[in-house]
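First comes the structure, then the notes that go with it.
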Amino acid sequence: MSSRHSKLHVFLHLLLYFCIIVRTENISSNTAGAGSSSCSPADAAALLQLKQSFVDPKDLTSWRAKTDCCLWEAVACDATSGSGRVIALDLGGRNLRSRRGLHPALFDLTSLRNLSLRGNDFMGESLPSTGFELLSEMVHLDIADTNFSGQIPIGVARLSKLVHLSAGAGGPSSSRLVLKETSFETLVANLGNLRELRLHGVDISIGGRETWSVALASSTPDLQILSLSSCGLSGPIHRSFSRLRSLVEISLPNNIIAGKVPEFFAGFSSLSTLDLRDNDFEGQFPAKVFRLKNLKVLLVSGNSRLSGHLVSFPAENRLEMLDLKDTNFSDGLPASIVNLKSLSYLTLTTEGTSKHLPFVGKLPSLGTLVLQGSSSGLQKPQFSWIGDLTHLTSLLIDNYNFSEPIPSWIGNLTELMSLRLSMCSLYGPIPPWIGNLTQLSSIDFTGNYLTGKIPRSLFTLPNLQSLSLLSNQLSGHLDAIDNPLSSLLSNVNLVDNNIGGSIPQSYTQLPSLEAFYLGSNRLTGTVNLRSFWRLKNLYALSLSNNMLTVIDEEDDPLLSSLPHIKILELASCNLGKLPRTLRFLDGVETLDLSNNHIHGAIPGWLWETRTGCMSYLNLSHNMFTSLENTPSLIPMASQYIIDLSFNRLQGIIPTPTVKVGCELMSLKPSAILHYSNNYFNAVPPNFGEYLKDITYLDFSNNLLNGHIPTSVCSARDLEFLDLSYNYFSGMIPPCLTQNSLRVLKLRGNLVHGELPDNIRAGCMLQTIDLSRNYITGKLPRSLTNCQELELLDVGNNQIADLFPSWMGVLPKLKVLVLRSNRLFGMITDLQENEQIMGYFSSLQILCLASNNFSGHLPQGWFNELKSMMSNDNEEGQVVGHQMNTSQGFYRDTVTITFKGLDIIFTKILTTFKAIDFSNNSFDGPIPASIGRLSSLHGINMSHNNFTEQIPSQLGNLPWLESLDLSWNHFSGEIPEELTSLLLLG
């Protein structure tokens with residue numbers, strides 16, 4: 001929802017609340033003047049205790065002992081009964097802070113009807129488990145934006161007179177309120193008088209995730225305002241919800257509600273706001289909703305499976321905000337769009353060529369326009385009509401193929417405050433006339449092909465606060481900012497360009513600077529971090545991957561106060577040691593010091609003294625040798641990445657643990673560990689206790705030994721496990737094939753015994769690499785349950801089995817490596833087994849080298865290898881998988897003999913096809929059907945007993961680069977057709 005609409009709600013809410021307080025204060029004042037009793041001494045004492053619980057409560061100067069508390073600011077008393085009891089307390093927005101949570105003295109104010117704590121900071125403390133039930137007269141309770149965490153107490157559910165309840169949000173993302181012991185159903189069961197319910201970011205996913213709509217319909221019949229954003233709601237909206245016909249506002253954004261948008265919403269005649277953004281709704285949006293006479297706000301973006309079309313809008317339509325971005329709504333706009341005279345906010349996903357789209361340029365009230373191209377949109381959009389919207393204040397355009405310089409019609413929009421043209425294929429320099437748009441506070445040209453130098457005029461814009469030129473091709477040097485002390489710049493992002501030169505000193509003098517991202521450029525020179533620590537508002541600093549030398553001098557005296565840095569990225573900054581000041585930046589949540597020359601021990605204070613919740617720690621590619629206080633527990637947030645790879649770390653693997661107070665209750669925990677390429681030699685015995693939320697685990701290239709710890713199977717969401725190139729021995733734990741793994745890599749260990757044959761239906765494995773071990777026995781037939789399997793490499797083991805024809809049913813198998821085992825027998829012609837369909841149809845690499853196979857290769861067998869027959873003349877895609885973790889795309893690797901050398905392919909393209917049958921005892925002729933495998937790049941049939949002539953059909957393989965037929969018993973001449981193989985070499 002737009003800030004304008006949110007502010008309107010807050011204003012009306014505060015106006016109503018202010019009227020209640022003023023009326024009560026007037027009554028109290030008048031009664032007191034007539035000789036009525038003053039404030040209750042008990043209530044005054046309770047208020048003074050409450051005041052003392054706050055840190056430096058400057059806004060409560062009138063709260064003094066031996067004065068009438070009914071005259072104190074933010075306090076109102078009951079003058080009608082003469083009791084002098086406090087009935088209203090409005091501490092909202094006073095920036096109060098408490099390190100001890102909510103003082104229990106508050107609950108001595110048992111006559112309270114209205115209480116607002118909104119906008120104060122209780123620093124992540126829990127709400128008192130008891131006490132709220134004593135406030136039985138409460139009508140209005142607002143504890144939103146207070147940075148409370150933990151359970152909403154059961155006492156709130158007993159306030160049967162409540163008309164308004166607001167809670168949640170405020171503070172860091174780790175401080176969240178939750179409905180767990182007290183379920184959502186329990187909370188509302190006794191609140192029959194409720195008219196307004198606002199729970200923002202309160203996690204009800206455990207106690208009401210799917211039953212929330214039924215609970216509301218049953219318990220709050222007169223509800224008018226419902227706002228449950230980011231609450232973990234799911235399931236469809238139950239039909240009983242249709243009873244709530246008094247609803248004026250339904251705001252349910254940022255949940256995972258599924259199913260169809262209910263048709264009965266069209267029967268809510270009072271409905272003014274419907275906000276369903278970022279859910280999982282599907283099907284047709286009910287068109288009748290557009291015809292609701294009171295509807296002003298309709299927001300449904302971020303529901304990719306929701307479709308529909310816009311109806312004809314009557315002239316009296318009152319719609320003010322319409323958000324259809326990231327949906328499947330029809331691209332066509334009705335001509336009647338011009339009737340939306342009050343429309344001030346519009347977002348659309350459109351090709352940009354719709355017939356009636358230019359009609360948007362005739363909307364008189366439009367202030368914000370957001371246009372997003374579809375993924376298939378290749379046409380050049382026709383947006384020149386936007387230049388007629390001279391009253392526009394926000395223009396955000398994403399994902400279009402402009403293929404031109406920044407359009408000149410933007411220069412007509414002189415009232416623009418926010419301009420975004422991202423991923424739009426814009427090229428050329430940034431025009432200097434942008435500097436004429438003097439109202440601009442935000443510019444975002446991310447992900448284009450802009451070149452040249454950043455014009456000085458951008459930095460002279462008097463209102464500019466945010467500048468993002470991320471991922472372009474800008475060059476030149478940065479100009480100094482004139483009069484930096486008067487600049488409003490707070491966010492600068494120039495990452496991933498070609499900007500050179502040094503960083504002008506004027507950037508370190510910007511008083512409002514909060515985030516400064518300069519990574520991945522060509523900046524040079526020496527940067528003293530001290531110059532940035534003077535910026536009191538700075539929370540993010542990124543200087544990574546330039547040619548800078550960053551220093552933090554030991555001789556420089558520490559500043560008396562440091563900024564509250566949360567993000568510090570200094571990768572590839574020629575650091576020889578940890579920055580000295582880092583020890584005192586205890587709120588850092590993202591720390592990247594990778595690719596430097598830092599040596600010695602990783603100190604315990606790096607994570608032990610943190611007050612914040614660290615979610616990203618990257619110390620990879622340094623020269624660290626040990627961890628202080630081994631074995632180490634590394635306290636992190638519940639979603640975290642730790643990368644210690646490519647160091648010289650020894651001893652016991654450090655164990656991550658979720659820090660108390662850093663649990664993200666409404667988000668699914670996940671963790672990624674990179675410990676590869678070190679000298680770790682042991683895993684803690686209790687390591688599995690901390691693994692439950694691990695999704696990605698890479699311990700490859702270490703000195704780990706002993707049995708593979710079965711505790712790794714505790715990781716119920718583990719997708720990626722790489723223990724390659726260690727000294728693990730024993731058998732492979734059967735549990736590894738029974739969880740959610742997609743990639744299993746145990747290459748280069750001392751594992752022995754037979755492979756587990758317990759793989760169940762639903763196996764998610766896509767890559768299995770068990771090569772270079774001592775595995776014996778047979779290949780498990782239950783591998784056929786792994787229908788997603790793309791790569792199987794069991795080369796260089798001691799497996800004794802027949803050729804696994806039964807694997808031919810795996811529909812996605814691309815790479816099969818069985819080299820250097822004890823496999824034996826013949827490969828039988830498929831024609832004798834008619835029941836197998838799509839036999840090895842996706843196979844592109846097959847390696848059977850160095851086994852004991854024998855007999856004739858059947859002609860018909862090669863006719864089934866359909867993938868090797870396709871004529872691929874494109875670059876191809878990389879074989880791998882898109883991981884659900886933040887690691888993104890995982891690339892498969894394989895080692896095969898190609899052109900006489902064992903080559904590790906770290907990137908396998910789908911266009912690369914090869915077969916290797918070398919070092920076996922195959923005999924008879926080479927089947928001519930191999931000549932049908934027209935996309936082959938490599939054939940190795942050497943060191944066998946093949947006879948007769950070399951088939952001339954091999955000359956039909958235009959992409960063949962390597963052909964090895966040596967050490968056989970061929971007769972006759974080399975076919976002349978082979979001279980046409982121009983790529984052989």
Side-chain angles (χ1 to χ4, degrees), residues 771-772 791-797 803-804 813-827 840 843-859 861-865 867-869 872 879 893-905 908-909 911-970 974-975 977-985:
S771 59
R772 300 186 181 279
L791 181 148
L792 175 64
D793 188 348
V794 291
N796 297 89
N797 280 285
F803 177 76
L813 187 63
K814 293 182 174 69
V815 180
L816 178 58
V817 179
L818 305 175
R819 62 185 288 171
S820 300
N821 276 283
R822 298 175 181 174
L823 299 168
F824 59 91
M826 300 174 62
I827 297 178
F840 287 119
L843 203 62
Q844 65 177 78
I845 296 176
L846 174 61
C847 182
L848 306 181
S850 302
N851 279 285
N852 299 316
F853 290 116
S854 59
H856 287 33
L857 288 176
Q859 282 276 358
W861 193 85
F862 292 94
N863 291 330
E864 301 299 323
L865 306 181
S867 176
M868 298 186 187
M869 295 180 184
D872 296 315
V879 177
T893 62
V894 70
T895 301
I896 62 171
T897 302
F898 189 68
K899 297 185 178 182
L901 299 172
D902 280 352
I903 297 177
I904 300 176
F905 286 81
I908 309 169
L909 296 177
T911 51
F912 181 79
K913 317 289 174 66
I915 56 175
D916 187 350
F917 287 41
S918 64
N919 288 289
N920 281 285
S921 298
F922 291 114
D923 56 30
I926 290 180
S929 56
I930 291 180
R932 297 187 61 194
L933 308 182
S934 56
S935 58
L936 277 176
H937 288 69
I939 298 176
N940 191 348
M941 297 286 187
S942 67
H943 293 85
N944 276 286
N945 298 316
F946 290 115
T947 59
E948 302 185 22
Q949 284 192 319
I950 296 172
S952 62
Q953 289 83 353
L954 295 183
N956 299 331
L957 306 178
W959 301 103
L960 200 64
E961 300 176 47
S962 175
L963 175 62
D964 190 349
L965 304 178
S966 63
W967 298 96
N968 280 287
H969 305 288
F970 295 116
I974 296 175
E977 288 82 356
L978 298 189
T979 61
S980 65
L981 301 177
L982 303 179
L983 299 180
L984 278 182

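In what follows, residues are counted from 1 in the order of the sequence shown.
Under the rule for a side-chain hydrogen bond (donor to acceptor under 3.5 Å, both in side chains), Ser980 has no partner lying at least two apart in sequence or in another chain. Under the rule for a side-chain hydrogen bond (donor to acceptor under 3.5 Å, both in side chains), Asn920 has no partner lying at least two apart in sequence or in another chain. Considering only residues two or more places apart in sequence or on other chains, Gln859 meets the side-chain hydrogen bond (donor to acceptor under 3.5 Å, both in side chains) condition with Ser929. Checked against side-chain contact (heavy atoms from CB on, under 4.5 Å), Phe970 has the following partners two or more places apart in sequence or in another chain: Ile926, Phe946, Ile950, Leu965, Asn968. For Phe905, the ring pair (Phe, Tyr, Trp, His ring centres under 6.0 Å) partners two or more places apart in sequence, or in a different chain, are Phe912. Considering only residues two or more places apart in sequence or on other chains, Asn940 meets the side-chain hydrogen bond (donor to acceptor under 3.5 Å, both in side chains) condition with Ser942. Every residue two or more places apart in sequence or in another chain that forms a salt bridge (charged side-chain N to carboxylate O under 4.0 Å, His left out) with Asp793 is listed here: Arg747. Residues passing the side-chain contact (heavy atoms from CB on, under 4.5 Å) test with Ser921 are Ser854, Asn945, sequence neighbours excluded. For Thr947, the side-chain contact (heavy atoms from CB on, under 4.5 Å) partners at least two apart in sequence or on another chain are His969. Applying the side-chain contact (heavy atoms from CB on, under 4.5 Å) test to Pro958 and every residue at least two apart in sequence or in another chain returns nothing.
Under the 4.5 Å side-chain criterion, counting only non-hydrogen atoms from C-beta, Ile939 is in contact with Ile930. Looking at Asp902 and Arg819, their side chains come closer than 4.5 Å, going by heavy atoms from C-beta outward. Between Glu961 and Leu984 the shortest side-chain heavy-atom distance does not fall below 4.5 Å. A 4.5 Å side-chain heavy-atom check between Ser867 and Lys913 finds at least one atom pair inside the cut-off. For the pair Leu848 and Leu823, the minimum side-chain heavy-atom distance is 4.5 Å or more. Residues Thr911 and Trp959 fail the side-chain proximity criterion, which asks for heavy atoms closer than 4.5 Å. Here the side chains of Cys847 and Val894 are not in contact, with every heavy-atom distance at 4.5 Å or above. At least one side-chain heavy atom of Met868 sits less than 4.5 Å from a side-chain heavy atom of Ile915.
Panel note: side chain Ser850, backbone Ser820; no donor-acceptor pair is recorded below 3.5 Å. Judged purely by atom type and a 3.5 angstrom limit, Gln844 uses its side chain to pair as donor or acceptor with the backbone of Leu909. At least one donor-acceptor pair under 3.5 Å links the side chain of Asn851 to the backbone N or O of Asn821. At distances below 3.5 Å, not a single donor-acceptor pair connects side-chain atoms of Asp964 with backbone N or O atoms of Gly900. Formation of a donor-acceptor pair under 3.5 Å by the His937 side chain with backbone atoms of Ser935 is found in this model. In this structure, Asn944 contributes its side chain and Phe922 its backbone to a donor-acceptor pair below 3.5 Å.
Between Ser934 atom OG and Leu960 atom CG the span is 11.5 Å, to the nearest 0.5 Å. Remark: Leu954 CG to Asn956 CG distance equals 8.5 Å, nearest 0.5 Å. For the atom pair Leu818 CG and Phe853 CZ, the distance stands at 6.5 Å (nearest 0.5 Å). Taken to the nearest 0.5 Å, the CH2 atom of Trp967 stands 11.5 Å off from the CG atom of Asn919. Atoms CG and CD1, from Leu901 and Ile896 in turn, are 11.5 Å apart once rounded to the nearest 0.5 Å. With rounding to the nearest 0.5 Å, the separation of NZ in Lys814 from CD1 in Ile845 is 11.0 Å.
Taking the six-membered ring for Trp and thresholds of 30 and 60 degrees, Phe803 and Trp861 have ring planes more than 60 degrees apart, a perpendicular arrangement.
Few gaps surround CD1 on Ile903; more than 12 heavy atoms of other groups in view lie less than 6.0 Å from it. Atom CD1 of Ile904 has 12 or fewer heavy atoms from other residues, nucleotides or ligands within 6.0 Å.
Of the candidates Thr893, Val817, Val879, Ile908, Ile908 is the only one forming a side chain to side chain contact (heavy atoms under 4.5 Å, CB included) with Leu791.
Shortest non-hydrogen contact noted between Leu978 and Gly955 is CD2-N, 3.8 Å. A pairwise comparison of heavy atoms in Phe898 and Gly938 identifies CE1-CA, 3.8 Å as the closest pair. Nearest heavy-atom pair across Ser952 and Pro975 is CA-CB, 3.8 Å.
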